[in-house]
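Some notes on the structure that comes next.
Fair warning: this is a prediction, and the values are worked out from it, not measured in the lab. One-based numbering, in listed order, for ligands and for the atoms of each.
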Amino acid sequence: MDVSYELYDVIVLGGGPAGLAAGIYAGRSRLKTLLIEKGMYGGQISMTNEIENYPGQLQEGESGASLIARMSEQVVKFGTETVQDIVKEVLLEGEIKQVICERATYKCKTLIIATGAFPRAIGCKGEGQFVGRGVSYCATCDANFFEGFDVYVVGGGDSAIEEAMYLSRFARKVTIIHRRDALRAAKSVQEKAFRNPKIAFLWDTVIEELHGEGLLSGMTVRNVKTNSLTQILADEKDGMFGVFGFTGNIPKSELFVGKLEMDEGYLVTNEDMHTNIPGVYAAGDVRKKSLRQVVTAVSDGAIAAIQAEKYLE
Ligand code: NAP
């Protein structure tokens, strides 16, 4: 394995909104900064079709990906180095922290963890078997495969309702399956969904099992109040339907188990993004917080970078 002998002032883990904002602020403060991302920039927001509540965002149809493209250009503009690598281990003790990746080991004086979160599985039988064969977790990626077909969305939060509306542009009908009889999503988002003639609701319901030969063509759902089971089958002509899961997120924090303080997998910080180890900060969705939005992620990233600068001083 290569060892990078450069010592960075700041290493940022993750290229979502929190990590990019940290990269912008640290680079702009002339700190020697490296941003490590394993795949594409953007994290979960790059799968969002439309952003309409980011302050200043009035452009009709701005997608997560286009916003992220501009943020990542800004990172480079301010001199932050970027590398694509997969983190295997982090050594956080002592003044110099080490980030051991597949291709190299990187060293830094401060570390900003912005590793984000990933979608939670729906948790029904057969789910794994039908991923990519009817089951998806990304409307932007897969909606066009379901042009003219029936689609079911699982969940009742902002993601489920917003993505159901996007899917309704493609699908014949979108049915939202929610385990309660009230949505968690913001009221303004709910109102739009209730007005959409292509969106229906199956309340108090969970999916028990998905069926099909090759492609997803049937499922068993259960009413959680009555425990009654119902079979839902694809229209005969279609032979298949889609199920999109938007049941929340799981923090990407397994690298820090036993090393940093956590609460249900989320990294615990104070309001200045400090973890329990001096010089180590957490920002964005991986952090324990009450509001997970792009606007709070970028705010976390900015605060973490400025705190890193203060620590280095
Ligand atoms: P979320 O708010 O955690 O909602 C998850 C939904 O899935 C809830 O309705 C939950 O039901 C349901 N659920 C959880 N586990 C389930 C299971 N095993 N089976 C069936 N249903 C299950 O997640 P999210 O919608 O992905 O949003 C995550 C964060 O991003 C939130 O803070 C949200 O506000 C934010 N967000 C904001 C926007 C926006 O502002 N435009 C857009 C997307 C996301 P219960 O309600 O019964 O718990």
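Exactly one residue among Arg172, Lys237, Lys198 makes a salt bridge (Lys or Arg N to Asp or Glu O under 4.0 Å) with Asp150. That residue is Arg172.
The salt bridge (Lys or Arg N to Asp or Glu O under 4.0 Å) pairs that include a residue from residues 288-313 are Asp263-Lys288, Arg287-Asp300, Lys289-Asp300, where partners are two or more places apart or lie in different chains.
Residue Arg180 qualifies as enclosed at atom CZ: its count of foreign heavy atoms under 6.0 Å is above 12. The environment of NZ in Lys32 is crowded: more than 12 heavy-atom neighbours from other residues, nucleotides or ligands sit within 6.0 Å. The local environment of CZ in Phe241 is crowded, with over 12 non-hydrogen atoms from other residues, nucleotides or ligands closer than 6.0 Å.
No part of Leu183 comes within 4.0 Å of ligand 1, judged by heavy-atom distances.
Close approach to Phe246 involves these atoms of ligand 1, each under 4.0 Å from a residue heavy atom: 6 (C), 7 (O). Within ligand 1, counting atoms from 1 as listed, the ones closer than 4.0 Å to a heavy atom of Glu162 are 39 (C), 41 (N), 42 (C). Listed by number with element, the atoms of ligand 1 under 4.0 Å from a non-hydrogen atom of Arg180 are 45 (P), 46 (O), 47 (O). For ligand 1, the atoms lying closer than 4.0 Å to a non-hydrogen atom of Gly155 are 7 (O).
Judged by distance alone, the side chains of Tyr54 and Glu62 never bring a donor and an acceptor atom under 3.5 Å apart.
Val12 and Phe256 are not part of a single hydrophobic cluster, where members link through side-chain heavy atoms under 4.5 Å apart.
Closest protein heavy atom to atom 31 (C) of ligand 1: Arg292 O, 4.2 Å. With hydrogens left out, the protein atom closest to atom 48 (O) of ligand 1 is Arg184 NH2, 2.6 Å, a heavy atom. Regarding atom 44 (C) of ligand 1, its nearest protein heavy-atom neighbour is Ser159 OG, 3.3 Å. Thr247 CA, 3.3 Å is the protein heavy atom nearest to atom 7 (O) of ligand 1. When only non-hydrogen protein atoms are considered, atom 28 (C) of ligand 1 lies nearest to Asn249 ND2, 3.6 Å. Protein heavy atom nearest atom 33 (C) of ligand 1, with residue, atom name and distance: Asp158 OD2, 3.4 Å. The shortest contact between atom 9 (O) of ligand 1 and any protein heavy atom is with Gly156 N, 3.0 Å. Here the heavy atom of the protein found nearest to atom 39 (C) of ligand 1 is Asn53 ND2, 3.4 Å.
Ring geometry, Phe146 versus Phe149: the interplanar angle exceeds 60°, so the pair is classed perpendicular (tilted spans 30 to 60°). Note on ring orientation: taking the six-membered ring where Trp is involved, the planes of Tyr311 and Tyr281 are perpendicular (angle over 60°, cut-offs 30° and 60°).
Between Phe194 and Phe201, a ring centre-to-centre spacing shorter than 6.0 Å is recorded.
The shortest N/O to N/O separation between Gly157 and ligand 1 falls below 3.5 Å.
Taking each of Ile161, Ile122, Ile176, Ile51 in turn, the one with a heavy atom nearest to atom 19 (N) of ligand 1 proves to be Ile122. For atom 23 (O) of ligand 1, the nearest non-hydrogen atom from the set Ala297, Ala160, Gly248 comes from Gly248.
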